[in-house]
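For reference, the structure is listed below as structure tokens.
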Amino acid sequence: MGSILSLAWSSLMNRKGSALLTILAVALSVALFLGVDKARNGAREGFGATISGTDLIVGARSGQVNLLLYSVFRLGDATAEISWPTYEWLRDREDVDWTVPISLGDSHRGYRVMGTTRAYFDRYKYGDGQSLQLAEGHEFEDLFDAVIGAEIARSLGYELGKPLVLTHGLGRAGLQQHENRPFRVVGILEPTGTPVDRTIHVSLEAITAIHVGWETGTRNPMADTITEEMIRSFDLTPKTVTAAFVGLESRGSVLRTKREIDTHRREALLAIIPGVALAQLWEVTAVAERALLAVSLFVIAVGLVSILTSILTSLNERRREMSILRATGARPGHIFFLLVAEAGLLGMIGAVLGVAGVHVILAIAEPLLAARYGISLAGTGPGLVDFYTVLAVTGVSLAIGALPAWLAFRRSLADGLSVKL
Amino acid sequence: MKGSAIAIEGLRFAWTRDAPALLDINRFELARGERLFLRGPSGSGKSTLLGLIAGVLEPQAGQIEVLGHDMSALSSARRDRVRADHLGVIFQLFNLVPYLSVVSNVTLPVRFSKARRRAAGGDAGAEARRLLARLGLEDDEILSRRVMDLSVGQQQRVAAARALIGGPGLVIADEPTSALDADTRDRFIELLTDEARRSGAALLFVSHDAALAPHFDRGIDLADINASAHRLETA
Ligand SMILES: Nc1ncnc2c1ncn2[C@@H]1O[C@H](COP(=O)(O)OP(=O)(O)OP(=O)(O)O)[C@@H](O)[C@H]1O
Ligand SMILES: [Mg+2]
């Protein structure tokens, strides 16, 4: 059978052009399928690794997924905030071990600014419980200190001591600047592969401070007359925070605590368990994922049909070749195997190229995705899925090859030795 | 040597069940090592007869023995085996597999038959080159060409080398010279019969061209052995 395989190979090489096109069709379809699958799994793992060690996230009442997205992934906006007294009520609860309040809403050159407390650097955990590490400098101490994520430092080229001006709201640098209250970079975090890399961290008080004179939502013409010294002398306790990360004394009480927060009388609150909210997010996206996977499976089917087409169309012009092979001693089984092997080779080479292609694309896309969304496509290296895909595509190609093989087999019996062409 | 290269008795063959027999051959024999010329007009059933001898077609009745193997009693798989091991075939035209090199075309039978592989010796490629050289194809430039770029005469010689490789007991040639001019044709037949003699293979050469008969040990007319022939002619 080895010699038939080499015949099949020579025959494919003889039809390089059409064979390459067929292989390309299979490779593209396989790459699409695996790309969808890997993007899906990568996104899940990447998102899942973004937060750990936090039992509850509390915000104003909205959707679970919405709260998760804006508090952890810096995607979308909060529709409402929590008042400071309510935050204090939360913080002082018996069953609560620690809380980290966060305040979002400002930005700097497209990167989000987050006001928080220094506890954030101890309490925020990602991956399997890793803590944030400073690559350079220290946590914020002074009112106008800022600690920036690794991606910001890298892409904007910021170093310690760099002054930065925040933008009110999340737009690109525009008119609404807080240029009268410049910050200074005092710390740069190690890369984490999470949205932290794309966040500028300042103290909660700083967020209050830069909004002195902005109580109406836009800048009061008098704002500039308030000096820094005056601001420093104000009580800078925030009026509201956007959300709070919560660690409990005992994880066992998480459902009860959640219920009590959800039913808090004075303010409409929502407490989410990060894992549960993520699961809900995946439920939402699952429908689209399944549709995409189904589409990409159909595309693979099209690729496989192109194998069938290419062999079937070659069959007529190869009738003479088959009878030569028969005359020189090939049994009908050899003819059958020859065509099945050609189909299998096309499918296998296509699938292997598709797998290779998708990994090249992922290797290129990964840093781009990480930079854009702070999400690393974890766990997308070559794996069993790739192997099984190659196996399945090759198997189905072999099965598909059985049709032209059977036709050629039948014909080689009927043609006898004398094909009239 | 025991038996004959081909022995046919009481053979009847029709392409379809209801059609009158195309071939009805009471007796036909080809001795081992004999070179026979079989003449017959177009459509008389020469190619059909070769298909029967090669075991690709099955007769409705009668016996076909090839080198002592009773083809009509064998399963089709066993007939394939006999053909692979003992038969060389040359067609009228388009003998070569387009995607194989000249030498690979010659060594094709060796791929399918252990017996031929053994007979061709350890290096089938070298044996192929030796045969090609004997048939006048030794130029490396020619051997490295794509087979479709060879002249028809060269292609037929490659086909002859292929039919002869691994020392088959019987070579059947179906009008291999009908596309050649007279000089090339005569030279080809000389080479083919010489090589058949050298390797001891019997040669059954069919053609409609009676002028070729002098090149062979013996010549017969298909009409003389085929009882259906007269009926077909008068029909
Ligand atoms: N595959 C086939 N199915 C049905 N009839 C066939 C088939 N092959 C040949 N025939 C018929 O059998 C008869 C003999 O054909 P064959 O090819 O054996 O003749 P031939 O003597 O080799 O002729 P030529 O010299 O033209 O090659 C013809 O009438 C032909 O139509
Ligand atoms: Mg014929």
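Below, each value reflects all heavy atoms present in this structure, side chains not excepted, and no hydrogens, waters or symmetry copies.
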Legend entry - Portion of A/R318 that has a non-hydrogen atom of chain B nearer than 4.5 angstrom: side chain
Legend entry - Over-ring placement of A/R320 relative to B/F91, 6.0 Å and 45° cut-offs: yes
Legend entry - Which portion of B/R146 sits near chain A, non-hydrogen atoms under 4.5 angstrom: side chain
Inset, instruction - With the side chain counted from C-beta on, respond yes when A/V26 and A/L346 share a heavy-atom pair under 4.5 Å apart, and no when they do not. - result: no
Legend entry - Among the listed options B/R116, B/R81, B/Q92, the residue most often paired with chain A at heavy-atom distances under 4.5 Å: B/R81
Inset, instruction - Name the region of A/L12, side chain, backbone, both or neither, that has any atom closer than 4.5 Å to a heavy atom of chain B. - result: neither
Legend entry - Toward chain A, the part of B/R79 with a non-hydrogen atom under 4.5 Å: neither
Legend entry - Least distance between heavy atoms, B/N105 atom then B/L100 atom: ND2-O, 3.2 Å
Inset, instruction - Give, as side chain, backbone, both or neither, the part of B/L52 having an atom under 4.5 angstrom from any heavy atom of chain A. - result: neither
Inset, instruction - Could you check whether the rings of B/F216 and B/F205 sit parallel, tilted or perpendicular, using 30° and 60° as the cut-offs? - result: tilted
Inset, instruction - Decide yes or no for B/R145 and B/Q154: does some side-chain heavy atom of the first lie under 4.5 Å from some side-chain heavy atom of the second? - result: yes
